[in-house]
Amino acid sequence: MSERVNEHDFDSVIDDFDSTEPTPAFETASYMQNRELSWLKFNERVLLEANRADMPLMERFKFISIFTSNLDEFFMIRVGSLSDSVLLDNMLSDNKTGMSAMEQLDEIYRALPPLYELVGQAFFSVTQGLQKHGIEFVRIEDLSASELKTLKSHFMHNIMPFLSPSIIDTKHPFPHIHNMQMHIAVTLEKKRGTTFGLIAVPSELERLILLDGKGWRFVLLEELILYFADLTFGTYSIIEGCVIAVTRNADVGTDEEQLDEGIDFRQHMKALLKKRQRLAPVRLELTRSISPEMVNFLCSRLHLGPQQVFLSSAPLDLSFSFNWGWYFDKNILNRLVWPTHMPANPLPASVRGDMIKLISEKDLLLSFPYESMLPFISLIRQATDNPSVLSIKITVYRLDAQSKLAEYLIQAAENGKEVIVLMELRARFDESNNIEWASRFEEAGCRVIYGLVGYKCHSKLCLITQRKSGKLHYITQIGTGNFNEKTAKLYTDLSLITANQEIGHDAAAFFSNMLIGNLEGEYTHLWVAPNSFKNNVMASIERERQKALTGMTGKIVIKCNSLTDRDIIEKLVEASADGVNIFMNVRGICCLVPELSGVTDNISIFSIVGKFLEHTRIFCFGEGADADIYISSADFMTRNTERRVEVACPILDVDLKNRIIWMLDTMFNDDTNAWDLRSDGNYVLRECVDPTHPRNSQEHFTIEAKSRAIQTEEDDLLLKQDDSKPSSKHILKKSMNRLLKRK
């Protein structure tokens, strides 16, 4: 989680409204809570990571930045969508708590000021710690006269030419303030009275200004502009001023049903992206207290209420925390950041050269970010040149801007392979990158399709089709995360690569159905939303419930990012009431309240927030050898189960099933990063059983993956024995069996 998190649960708020008809006499359930307030609790857990004394200071700084960027997107999407709902129909209500859109907004606004205070406290604490290492954010007011003189010269020569100050009066209308762009707002005085002025902070200039002298002392660009703002307004004098930022509604719908068939969907998406900068404001942030007159003026021009104004003692944009390391030498950085994480390659060198052969003999499960994505990338690279490979078909939701995988897909098309890319252009905040890749795919000869009208394609599926001995042969990859090399080093995910031909036939049918827009396809093993995923989940819960009713042990283990689907929640509660033991690891939003006597007392829920972003989705129904285990691209959210194309796949290999069960057990025993959800809806950090031996699941998986990689190299040495030893083929098979059975 040490990079900016962009895999959020932000989609249209309509998912959690009763969309059938208004229900004034709504019956709320004691075991449900509002998703927006639950998300704020998740983001608070992210922020509280910045208070961990055992974490390097710059990593703590990054968690503050992640919190603020998460909150930015929350306002742009969720608050923006709720605000639209208030304007459209105030009778719509949250289908978990019965709260109207306006009531939800009121609760959000009430919950936020304490969080802003926590941000300020965390920023102060971390920056105080950094001072001990010679790193300081300096208040300009505290600089010496000579330092001010130097800064003034720098401002006038290198910054002032980029500024376009404007006054606001009858001849100078209030300018458009772009979404999230910082501005300097000032009250100006002249003989004839007062007026207001604005200066946009140029985004092309470096945010951190390094002062001369000992250590690393920084001034923020926006604070420097504010301090010398009087130089830009000529004969006006400044009475007061502050740094502000306006957050705008960015919940832009695609309006697909209104598109003519001849319209290029890529061009349509480009036009929609431009709208984000001009939609209605939903939040005003300030860096210092200003007069009520100035607040009222800004609110009146931005059409905001006082409850939408928030004061932050921390900088409004902390994104520089991800790239300021180049200022410091290695000795300083080594004390302030985590060691660079290098995912381990789980395969011995001897088998990496023929991934198709390897997968044909044994299923492979990759666990990111502990293990590398390279085996899958190598599989695609080798498929591009393999004469037996006829086609590669893949779903794409988020790609790295510098994607080797994408380059190999292009190479495969140029080599004459059929390459079909189901490209989702509506991946929130990645639209521009996906549009660019879609253009490159098409130019190379790939066939690119853009999903189905009204349904985002969020599945993570890749199918390689070969012709072997005159017959078609499939290799299928099904994952819980995106085909993104960058996030594969930051997010926890699973990737199954299998030559199971029944799963391959399902995958082939899936792509055929997507090409003709068919959502009603039937599959042997795969659960595909929106047609069969939810029904199969409900049926699996019911099977465990029936076990409990007949005196057998019913058990369900779930790992997902969010839980909001009311039907699934009610089914889990029903199973719990009838004796099914339910264990859930839900990272973010959780609308189900556990541990309520007689209702959810058989349900335990916790959340892991740590170095890596927990992103894996695993569903385990039953226990032991008879357990049914699925990995999936879908969370238990209405948008996933009913309004997206998602895929869940069973783990059929016994060794891999045992490995996943072991992983779940390890996570559920975590006492370092785990927060337990209590019956009052609040989270409590789990107490460490033995402080001398903390159980950190992410650290455990990192060490275990490295150990496996070292052992695979040792196994590989067996292949270099002379001919008097058993055949290399026999040793290879024995080596790979040990590798894939090892936990």
Is any side-chain heavy atom of [X] less than 4.5 Å from a side-chain heavy atom of [Y]?
X      : Y      : value
Trp437 : Val396 : no
Tyr116 : Glu285 : yes
Phe174 : Leu302 : yes
Thr235 : Lys190 : yes
Leu48  : Glu44  : yes
Leu336 : Leu130 : yes
Leu409 : Phe483 : no
Arg686 : Trp675 : no

Give a yes or no on whether the backbone of [Y] and the side-chain of [X] come within a donor-acceptor separation of less than 3.5 Å.
X      : Y      : result
His341 : Pro369 : yes
Ser144 : Glu147 : yes
Arg587 : Ser607 : no
Gln181 : Val201 : yes
Ser125 : Gln121 : no
Asp671 : Cys688 : no
Asn179 : Arg248 : yes
Ser403 : Ala406 : yes
Ser81  : Arg78  : no
Ser153 : Thr150 : no

Do Arg45 and Tyr683 meet the cation-pi criteria used here (NZ or CZ under 6.0 Å from the six-membered ring centre, within 45° of the axis)?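 Satisfied, under 6.0 Å and within 45°.
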Phe320 six-ring face occupied by Arg207 cation (under 6.0 Å, within 45°): no
Nearest atoms (heavy-atom pairs only) where [X] meets [Y]:
X      : Y      : answer
Thr187 : Met294 : OG1-SD, 3.5 Å
Ile108 : Glu36  : CD1-CB, 3.9 Å
Gly610 : Gln698 : C-OE1, 3.6 Å
Cys299 : Gly305 : SG-O, 4.2 Å
Leu298 : Ala185 : CD1-CB, 4.5 Å
Pro202 : Leu221 : O-CD2, 3.9 Å

Among Thr702, Asn673, Thr672, which one satisfies side-chain hydrogen bond (donor to acceptor under 3.5 Å, both in side chains) with Asn696?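 When Thr702, Asn673, Thr672 are each tested with Asn696, the side-chain hydrogen bond (donor to acceptor under 3.5 Å, both in side chains) holds only for Asn673.
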Check step by step if side chain to side chain contact (heavy atoms under 4.5 Å, CB included) holds for Arg283 and Val79. CA-CA 9 Å; Arg283 177 180 61 166; Val79 174; over 6 Å; no
Distance in Å, Leu71 CG paired with Leu40 CG, rounded so as to fall on 0.5 Å steps: 7.0 Å
If you measure from CG on Leu211 to NE2 on His154, what distance do you get to the nearest 0.5 Å?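 The distance works out to 9.5 Å.
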Please report the C-alpha distance between Phe218 and Ile209 in whole Å, then the side-chain angles of each, then the deciding distance to 0.1 Å, and finally whether the side chain to side chain contact (heavy atoms under 4.5 Å, CB included) criterion is met. CA-CA 5 Å; Phe218 297 99; Ile209 299 169; over 6 Å; no
Aromatic contact, Phe612 with Phe368 (centres under 6.0 Å): no
Counting only heavy atoms from other residues, nucleotides and ligands, does the tally under 6.0 Å from [atom1] of [X] exceed 12?
X      : atom1 : result
Glu687 : CD    : no
Lys41  : NZ    : yes
Lys149 : NZ    : no

Apply the test side chain to side chain contact (heavy atoms under 4.5 Å, CB included) to residues Ser166 and His172: give CA-CA distance (whole Å), side-chain angles for both, the deciding distance (0.1 Å), then the verdict. CA-CA 8 Å; Ser166 60; His172 302 84; 6.0 Å; no
Should [X] and [Y] count as an ion pair when the cut-off is N to O under 4.0 Å?
X      : Y      : value
Arg217 : Asp212 : no
Glu49  : Arg52  : yes
Arg110 : Glu107 : yes
Arg288 : Glu223 : yes
Arg695 : Asp670 : no

Partner of Ile244 under side chain to side chain contact (heavy atoms under 4.5 Å, CB included), chosen from Thr287, Leu286, Val309: Leu286
Pair Arg398, Thr487 - check side chain to side chain contact (heavy atoms under 4.5 Å, CB included), show working. CA-CA 9 Å; Arg398 299 186 194 275; Thr487 58; over 6 Å; no
Would you check, one step at a time, whether the test side chain to side chain donor-acceptor pair (under 3.5 Å) holds for Glu371 with Asn345? CA-CA 6 Å; Glu371 294 175 332; Asn345 192 325; over 6 Å; no
Qualifying residue for ring pair (Phe, Tyr, Trp, His ring centres under 6.0 Å) with Trp216, from Phe137, Phe328, Tyr327: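 That would be Phe328; it is the only one of Phe137, Phe328, Tyr327 passing the ring pair (Phe, Tyr, Trp, His ring centres under 6.0 Å) with Trp216.
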Go through the side-chain N and O atoms of [X] and [Y] and say whether any donor and acceptor fall under 3.5 Å apart.
X      : Y      : answer
Glu614 : Thr492 : yes
Thr127 : Glu136 : no
Asn70  : Asn43  : yes

